[in-house]
There are 2 protein chains.
Amino acid sequence: MQDIPPLRPSEAIAPQLVRALRTAIVMMHVQPGQALSETEIARQFGVSRQPVREAFIKLAEAGLVEIRPQRGTFVVPITRRDVMNARFIREAIEVAVVGVLAERITPAIVAELRRLLDDQRRAAVKDDWPGFLALDEAFHRTLAESAGHAHAWRMLDPIKAQMDRVRYLSFSGASPLPVLIKQHTAIVEALARRKRSGAEAAMRKHLREILTALPAIAAEHPDLFDADSRAAATAA
Amino acid sequence: MQDIPPLRPSEAIAPQLVRALRTAIVMMHVQPGQALSETEIARQFGVSRQPVREAFIKLAEAGLVEIRPQRGTFVVPITRRDVMNARFIREAIEVAVVGVLAERITPAIVAELRRLLDDQRRAAVKDDWPGFLALDEAFHRTLAESAGHAHAWRMLDPIKAQMDRVRYLSFSGASPLPVLIKQHTAIVEALARRKRSGAEAAMRKHLREILTALPAIAAEHPDLFDADSRAAATAA
DNA sequence: TGACACATACTACCATACAAGTATAGTGGC
DNA sequence: GCCACTATACTTGTATGGTAGTATGTGTCA
């Protein structure tokens, strides 16, 4: 694992490790299938094994690593099945969220969403993928919060991480930023018009984008996708 | 905490503690707001504090306890808001599940669901609430698995736990078993007729049952519901 | 009597040591 | 060269001890 971030003494160690490891996993700095050792991570961060162990437990609960007793802790491989499962859950929830929001939308919320879209367009012009992903996150979070369902976004965090790894692989352009922005825009415009079914359909379309992108991404990174991806493809 | 289950030496301690504590919390053997101490639980189970700590971390990830550093670990209080949030998520996901299932239903699946309904009717005649709850669990799990979305049911487990505490409080009859069985039956019959919208509506109705039951339950157990329940009631 | 300071008890967090299981490498016998 | 056995290295899981922060109780003083 490269680029070990310094730890802040004022904060408990374990949560910091969770964050650092989660980021490293999502941003593909540690690879799917890679082994992470309590002892080694502890050595790298200059701490004891105990908080590393705690971080591993949390990451395992989040579905990002798998702890195999006596054998090791492994970064969970990416499978198409997992990605599609995550998408299914996200779609179910986020479609419900925009359904609620369409009926309680206000001009102020629309304005805020449009401001986020403007920011996204600026990031796209600069080909600033990390910046765009942060704005994408803010966009979806704002939708949930505005609908009074911030809890739903929080709950989706581990689900999202599965898809985020694929998102980082998308830097190659499997999902061009203008496509994503256009989809975001369609959601906002349907909401502005209080068109519940339109907003739901737009969100569905947006979250299905990854189904389009996934085969190309997997083909481009066959080493990163698990063998069971093949079976999942036929189930699509 | 009463009725400490014996630990099986062949299995790691921490997962057993998770199960025991989760059950105790869901079945209201430990009360909302109650403090759980690493040291005390370790003493009661005859183990060291370490696996207790690990169990607490997992339960905290599942939203059942809150770990406050230096102060203690507390069973999360029941709030109407949390219950309703859980219901919202369950509805989003389970409606999506039956939507998919309506289009891929088979006579064998229908037969299995009807068999579960028969079992539920038998449990209801005997007023066997624990037995009924287990069959309710099996019913919902079967729906998800049959839809090819077993992952969704697994993912709902922590969400469900929030609602299950309320379910245990329902023994008093706030949701009579015949009402629940009728709702289950409506779901199955709509699925059998491949009526997607009918199945979705029936599932919605079923999961909204708790909205009907919640005020009565909270009124009956005011000590178990957190004060913020009042605010959530107005948001309903 | 009330306020403040100090002592004590309690807590979770982290460090270190020990234990049990698994995987791999090395050695000896056939 | 192959196979079986043993030794070693590695892993996670658990036990124990130390640390820092928080809460509560007690004693003193105005």
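The shown structure was predicted, so the numbers you read here are calculated from the model rather than taken from an experiment. Residue numbers start from 1 in every chain, and the chains themselves are labelled A, B, ... in the order their sequence lines are given, proteins ahead of strands. Just so it is clear, the values below take in all heavy atoms, side chains as well, and ignore hydrogens, waters and symmetry mates.
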Item to check | Results of salt bridge (charged side-chain N to carboxylate O under 4.0 Å, His left out) for B:Lys58 - residues two or more places apart only | outcome: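 Salt bridge (charged side-chain N to carboxylate O under 4.0 Å, His left out) list for B:Lys58, sorted by chain: empty.
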Checklist entry - Excluding sequence neighbours, so at least two apart, what forms ring-ring contact (aromatic ring centres under 6.0 Å, His included) with B:Phe139? => result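 Residues passing ring-ring contact (aromatic ring centres under 6.0 Å, His included) with B:Phe139: B:His184.
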[X] [atom1] to [N] [atom2], straight-line distance once rounded to whole Å:
X       : N      : atom1 : atom2 : result
B:Phe74 : C:dA12 : CZ    : P     : 8 Å
A:Arg43 : C:dT16 : CZ    : C1'   : 18 Å
B:Ile41 : C:dT11 : CD1   : P     : 11 Å

Next on the checklist: Applying salt bridge (Lys or Arg N to Asp or Glu O under 4.0 Å) to B:Asp157 and B:Arg22, what does each step give before you reach the verdict?
Outcome noted: CA-CA 11 Å; B:Asp157 193 55; B:Arg22 188 184 189 281; 3.4 Å; yes
Categorize [X] for me: base, sugar-phosphate, or nothing, with a 4.0 angstrom heavy-atom threshold over every strand shown.
X       : value
A:Glu54 : sugar-phosphate
A:Leu17 : nothing
B:Arg68 : sugar-phosphate
A:Ala35 : nothing

Next on the checklist: Any heavy-atom pair between the side chains of A:Ser146 and A:Arg104 that's under 4.5 Å?
Outcome noted: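 Side-chain contact under 4.5 Å: no.
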Checklist entry - Do the non-hydrogen side-chain atoms of A:Glu220 and A:Phe225 ever get within less than 4.5 Å of each other? => result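 Result no, sub-4.5 Å side-chain heavy-atom pair not found.
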Checklist entry - Quick one: what's the B/S/- string for nucleotides 17-23 of chain C, heavy-atom cutoff under 4.0 Å, read 5' to 3'? => result B--BBSS
Checklist entry - Quick one: how far along DNA chain D does chain B reach, first to last nucleotide 5' to 3', anything under 4.0 Å to a heavy atom? => result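 Range of nucleotides within reach of chain B: D:dG13 to D:dA23.
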Next on the checklist: Taking side-chain hydrogen bond (donor to acceptor under 3.5 Å, both in side chains) as the definition, give me every residue that meets it alongside A:Arg154, ordered by chain and number, with sequence neighbours left out.
Outcome noted: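 Per chain and number, A:Arg154 pairs via side-chain hydrogen bond (donor to acceptor under 3.5 Å, both in side chains) with no residue.
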Next on the checklist: Suppose we screen for side-chain hydrogen bond (donor to acceptor under 3.5 Å, both in side chains). Which residues come up paired with A:Gln44, at least two apart in sequence or across chains?
Outcome noted: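 Per chain and number, A:Gln44 pairs via side-chain hydrogen bond (donor to acceptor under 3.5 Å, both in side chains) with A:Glu40.
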Next on the checklist: For the CD atom of A:Glu91 and the CD1 atom of A:Ile210, what is their distance to the nearest 0.5 Å?
Outcome noted: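 Interatomic distance, A:Glu91 CD to A:Ile210 CD1, rounded to 0.5 Å: 12.5 Å.
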Item to check | Phosphate OP1/OP2 of C:dA12 contacted by B:Thr73 side-chain N/O (<4.0 Å) | outcome: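 Yes, such a contact exists.
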